[in-house]
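Here is the structure we will look at.
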Amino acid sequence: MANPYQSPPKSTLPSSVGPTWYVLLSQFYWPAWWIGTAMIAASWFNLVSTTIGWIGFGITGAATVASYLLPTIAGAQANDYVMLDSRLLASKGEACFDAMRRFSNGARLMYDGVAFRIRPDRLIDCDIVAQSPNINQHEAGRIADHAESVFEALKQSSPEFASAVAGHTLRISILSSLDANATKLFHVVDGVIERA
């Protein structure tokens, strides 16, 4: 009889957040948008011709449209989220496997109050809420330490999670709240804390 708690084979898990063409193209949205915007601004100050400005407008428009359409075509669902707890993680059952599969496909994974999402540009977005919007850098460091410890615990407990995040950089964002008016208070990357 097969073990019902055994993890599915790693080969059944997706290795990235979308098709290769989507991962490659998604890295050009922002650079193209900024280049197009710079061309528009340069034409306003007569540094380049108006034709260059219109080309910049086209580049900016194409980058904006692509950033909305391509994820849909690739099947990435940025608004999808899944919740995981220690009970499901320990079970190594179908619910845990489904959570990891959806996470690998771009869903936001919530575990122990920390939300993780894989981005195509080799970043892991990690969102965590502060107890108060009025925190200082020292408190932000303690919150970031908690987020990082949750990240490390997930990697140790789940080979599927560890495989999905391998080679990615963790970027922690400390938020003021969970509502629609939430603002980012601090960003933490590689232990460097910056006010957002």
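Between S43 and I40, the shortest heavy-atom contact is OG-O, 2.6 Å. For L185 against A130, the heavy-atom pair with the smallest separation is CD1-CB, 4.1 Å. Between V188 and A144 the shortest heavy-atom distance is CG2-CB, 3.8 Å. C126 and V114 get closest at one heavy-atom pair: SG-CG1, 3.3 Å.
Within the structure, salt bridge (Lys or Arg N to Asp or Glu O under 4.0 Å) contacts touching residues 124-133 (residues at least two apart or in different chains) are R108-D127, R117-D125, R119-D125, D125-R171. Note on residues 141-152: pairs passing salt bridge (Lys or Arg N to Asp or Glu O under 4.0 Å), not counting sequence neighbours, are E152-K155. Screening residues 113-142 for ring-ring contact (aromatic ring centres under 6.0 Å, His included), with sequence neighbours left out, gives F116-F151, F116-F161.
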*asked:* Working note: I128 + L175, criterion side-chain contact (heavy atoms from CB on, under 4.5 Å); need CA distance, chi angles, decisive distance, verdict.
replied: CA-CA 6 Å; I128 185 168; L175 308 177; over 6 Å; no
Task: Full working for side-chain contact (heavy atoms from CB on, under 4.5 Å) between L154 and Q156 - done: CA-CA 5 Å; L154 261 175; Q156 290 177 2; over 6 Å; no
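Using a 4.5 Å cut-off on side-chain heavy atoms (C-beta onward), E139 and I174 make no contact. F97 has its side chain within reach of E94: a pair of non-hydrogen atoms, C-beta onward, lies under 4.5 Å apart. Contact annotation: the side chain of L109 never approaches that of R102 to less than 4.5 Å [non-hydrogen atoms, C-beta and beyond]. A heavy-atom distance below 4.5 Å is not found between the side chains of P159 and M100. Looking only at side-chain heavy atoms (C-beta outward), V189 and T169 come within less than 4.5 Å of each other.
Remark: S176 engages T183 in a side-chain hydrogen bond (donor to acceptor under 3.5 Å, both in side chains) (not counting sequence neighbours). Under the side-chain hydrogen bond (donor to acceptor under 3.5 Å, both in side chains) criterion, S158 pairs with E160, not counting sequence neighbours. Every side-chain hydrogen bond (donor to acceptor under 3.5 Å, both in side chains) that S177 has, sequence neighbours left out, goes to D179. Residues satisfying the side-chain hydrogen bond (donor to acceptor under 3.5 Å, both in side chains) test with H187, not counting sequence neighbours, are S173.
For the pair T64 (side chain) and T60 (backbone), a donor-acceptor distance under 3.5 Å is present.
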Would you be so kind as to tabulate the donor-acceptor pairs closer than 3.5 Å made by side chains of residues 82-90, with sequence neighbours excluded?
from: D85; atom 1: OD1; to: R87; atom 2: N; distance (Å): 3.1
from: D85; atom 1: OD1; to: L88; atom 2: N; distance (Å): 2.8

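Rounding to the nearest 0.5 Å gives a distance of 7.5 Å between CG of L170 and CD1 of I124.
Under a 4.5 Å side-chain heavy-atom criterion applied to ILVMFWY residues, the cluster that includes I59 comprises I35, M39, V48, I52, I55 as well.
Shown here is N136, whose CG atom has more than 12 heavy atoms of other residues, nucleotides or ligands within 6.0 Å.
Following chains of ILVMFWY side-chain contacts shorter than 4.5 Å, one cannot reach F57 starting from V65, and the two form parts of different hydrophobic clusters.
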